[in-house]
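One structure is given below, encoded as structure tokens.
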Amino acid sequence: MSDFREQDIFSDFVASTDIDISLDMLEVELILMQKDYPSVHKTNIGGYQSPDYGYFGEDCPYKTFNSLRSKCVAAGQEYIMERLNKQISKDMYSWWCNLNHVGDCNQLHHHSRTDLVGVFYIKSERNSGRLILTRNDGAQYCDMMHRLGQFLIKPTAGRLYLFPGHLWHHVEQNDSDADRISVSFNMYTTLSENLLNRLPQ
């Protein structure tokens, strides 16, 4: 038999961890956020999507959300250092809230130049919609390696999910009897931060 040497190439990942924080307080602050800031239109179809917060260490006006941001960025740093031996920037990030009512969804998208995406769920009931990550490297068209080009996640409230920013993803329609609430994070390695800072303004 031939002496095959094998290496995994072009691999992606998804990782998750629980974040210890008051989900009730986050819901209270989200009510204030909706009063203070009108919804923007990005990936939400229906519901509410807050403006972006962050960029170069800027705090937002909501104490519990600032605590959540610190904990999620720290979790992203711990994972990426352990897996890839890279540093996540503590100063360059952005985040926003997604509130999906019954029948709402988040359409297919990716996060452009982002290195690491984090999605934290404040509220996710049964049948509120799965987070679906989709391959976009051509392997989705080939049965030899993967019959389905998708990875399906049933989100849990209080849990952070991490995956590379280039992965296409969407969230199914909310078919539960309650709102689905999540917070999305864009994180960058320090190398990407240096490159982005040199881009023309």
Side-chain angles (χ1 to χ4, degrees), residues 6-19 39-50 52 54 72-73 75-77 79-80 82-84 86 88 93-176 178-189 191-192 195-196:
E6 182 180 70
Q7 289 179 282
D8 288 329
I9 64 170
F10 306 137
S11 60
D12 287 315
F13 61 85
V14 59
S16 66
T17 186
D18 290 328
I19 300 293
S39 180
V40 300
H41 301 284
K42 285 185 173 180
T43 65
N44 269 29
I45 299 177
Y48 172 81
Q49 197 163 37
S50 78
D52 287 3
C72 288
V73 171
Q77 173 60 72
Y79 177 73
I80 289 299
E82 196 172 290
R83 190 179 198 279
L84 300 174
K86 291 183 179 289
I88 290 289
Y93 54 80
S94 63
W95 63 268
W96 60 94
C97 292
N98 305 289
L99 170 62
N100 297 100
H101 306 303
V102 177
D104 298 342
C105 66
N106 291 89
Q107 63 188 349
L108 186 67
H109 65 286
H110 62 80
H111 288 209
S112 187
R113 293 176 178 270
T114 301
D115 291 317
L116 184 66
V117 171
V119 184
F120 176 81
Y121 280 83
I122 298 173
K123 193 172 185 179
S124 181
E125 306 291 342
R126 185 179 178 186
N127 298 323
S128 65
R130 296 171 297 183
L131 170 62
I132 300 180
L133 308 180
T134 301
R135 288 187 70 106
N136 56 346
D137 62 359
Q140 58 188 308
Y141 305 112
C142 177
D143 287 340
M144 182 180 74
M145 298 294 288
H146 301 278
R147 286 178 294 174
L148 295 175
Q150 297 181 326
F151 186 80
L152 313 179
I153 298 170
K154 293 181 179 178
T156 300
R159 198 157 182 84
L160 172 70
Y161 299 86
L162 301 167
F163 53 90
H166 68 266
L167 278 180
W168 288 86
H169 55 283
H170 69 282
V171 189
E172 294 176 318
Q173 178 175 293
N174 181 2
D175 290 328
S176 73
D179 290 337
R180 178 179 70 228
I181 307 173
S182 64
V183 185
S184 296
F185 295 87
N186 285 342
M187 305 181 209
Y188 304 88
T189 64
L191 175 62
S192 291
L195 292 173
L196 288 171

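Positions are given from 1 along the sequence.
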Rounded to the nearest 0.5 Å, what separates atom [atom1] in [X] from atom [atom2] in [Y]?
X	Y	atom1	atom2	value
T134	H109	OG1	NE2	11.0 Å
S112	H166	OG	NE2	12.5 Å
M187	T189	CE	OG1	12.5 Å
Y121	N98	OH	CG	8.0 Å
D179	N174	CG	CG	7.0 Å
N127	K154	CG	NZ	8.5 Å

Does some side-chain heavy atom of [Y] sit less than 4.5 Å from a side-chain heavy atom of [X]?
X	Y	result
V183	C97	yes
N106	R180	yes
F120	F185	yes
Y161	L133	no
D12	F151	no
F13	Y79	yes
Q150	H170	yes
N186	W96	yes

Give a yes or no answer on whether the side chain of Q77 reaches the backbone of K86 with a donor-acceptor pair at less than 3.5 Å. yes
Trace of the side-chain contact (heavy atoms from CB on, under 4.5 Å) decision for N100 with V171: CA-CA 10 Å; N100 297 100; V171 189; 5.8 Å; no
Ignoring hydrogens, what is the shortest heavy-atom contact between [X] and [Y]? Give both atom names and the distance.
X	Y	value
T114	H111	OG1-O, 2.8 Å
A178	S176	O-OG, 3.0 Å
L162	A75	CD1-O, 4.3 Å
I19	C72	CG1-SG, 4.3 Å
I153	P155	O-CD, 3.1 Å
V117	G165	CG2-CA, 3.6 Å

Would the number of heavy atoms belonging to other residues, nucleotides or ligands and lying under 6.0 Å from CD of Q107 be above 12? yes
For atom NZ of K42, is the number of surrounding heavy atoms from other residues, nucleotides or ligands below 6.0 Å larger than 12? yes
Residue pair R159, D18: steps toward the side-chain contact (heavy atoms from CB on, under 4.5 Å) verdict: CA-CA 4 Å; R159 198 157 182 84; D18 290 328; 2.8 Å; yes
H169 side chain to H110 side chain, donor-acceptor N/O pair below 3.5 angstrom: no
Under the criterion side-chain contact (heavy atoms from CB on, under 4.5 Å), which of I122, D104, I181 is the partner of L99? I181
